[in-house]
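Scroll down for the structure; my scribbles are underneath it.
Quantities reported herein were computed from a predicted structural model and do not represent experimental measurements. In this chain, numbering begins with 1 at the start of the sequence shown.
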Amino acid sequence: MEDAAGEWCCWSFQANFRDLAVRGFRTYAERREQGVSFFIEARAVDREFEEKLNAPIPVSITIGTGIRYCPWCGERLVDWYNEDGPLPDDEVRDREP
């Protein structure tokens, strides 16, 4: 399954590959020693409002996990977005320590 430009495995993966500071679901890529790894994350609160939270119990603002396949079209991500693949360098974050 391919989008019109051929850069993304599908429209849904592209649409969800966005700003990590905004509330909602998103996918992202992170550069690691072994290559590029892919993740899906859900954020409950926009980053700009985090400091306003004052919950009396622990609250998860974000939760995520690594993914190997596109959740929407099933494409194996490391095959589609290999080192020579179409994922632009500016779309891949460096792993935070």
(Q) Quick check against the 3.5 Å criterion: does Asn16 have a side-chain atom that pairs as donor or acceptor with the backbone of Thr27? (A)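 Looks like no, no N/O pair under 3.5 Å.
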
**Q.** All side chain to side chain donor-acceptor pair (under 3.5 Å) counterparts of Glu50, not counting sequence neighbours
**A.**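 Counting only residues at least two positions away or on another chain, Glu50 forms a side chain to side chain donor-acceptor pair (under 3.5 Å) with Arg43.
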
(Q) Tell me every residue that passes side chain to side chain donor-acceptor pair (under 3.5 Å) with Asp79, counting only those two or more places apart in sequence or in another chain. (A)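 Partners of Asp79 under the side chain to side chain donor-acceptor pair (under 3.5 Å) test: Arg76.
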
Q: Determine the interplanar angle of the Phe13 and Tyr81 rings, folded into 0 to 90°, and report it as parallel if under 30°, tilted if 30 to 60°, perpendicular if over 60°.
A: parallel

**Q.** Co-members of the apolar cluster containing Phe25 [side chain, <4.5 Å]
**A.** none

Q. Hey, are the side chains of Val45 and Leu53 touching, using non-hydrogen atoms and a 4.5 Å cut-off?
A.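 Sidechains of Leu53 and Val45: in contact.
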
Q.
I'd like to check the side chain to side chain contact (heavy atoms under 4.5 Å, CB included) partners of Ser37; sequence neighbours left out, ordered by chain and number.
A.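 Per chain and number, Ser37 pairs via side chain to side chain contact (heavy atoms under 4.5 Å, CB included) with Arg32, Gln34, Phe39.
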
Q: Scan residues 41-62 for pairs that pass ring pair (Phe, Tyr, Trp, His ring centres under 6.0 Å), counting only residues two or more places apart or in two chains.
A: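 Residue pairs passing ring pair (Phe, Tyr, Trp, His ring centres under 6.0 Å), neighbours aside: none found.
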
Side-chain donor/acceptor pairs under 3.5 Å, residues 55-71, sequence neighbours excluded:
none

Q: Can you spot which of Tyr28, Trp8, Trp11, Phe38 makes a ring-ring contact (aromatic ring centres under 6.0 Å, His included) with Phe17?
A: Trp8

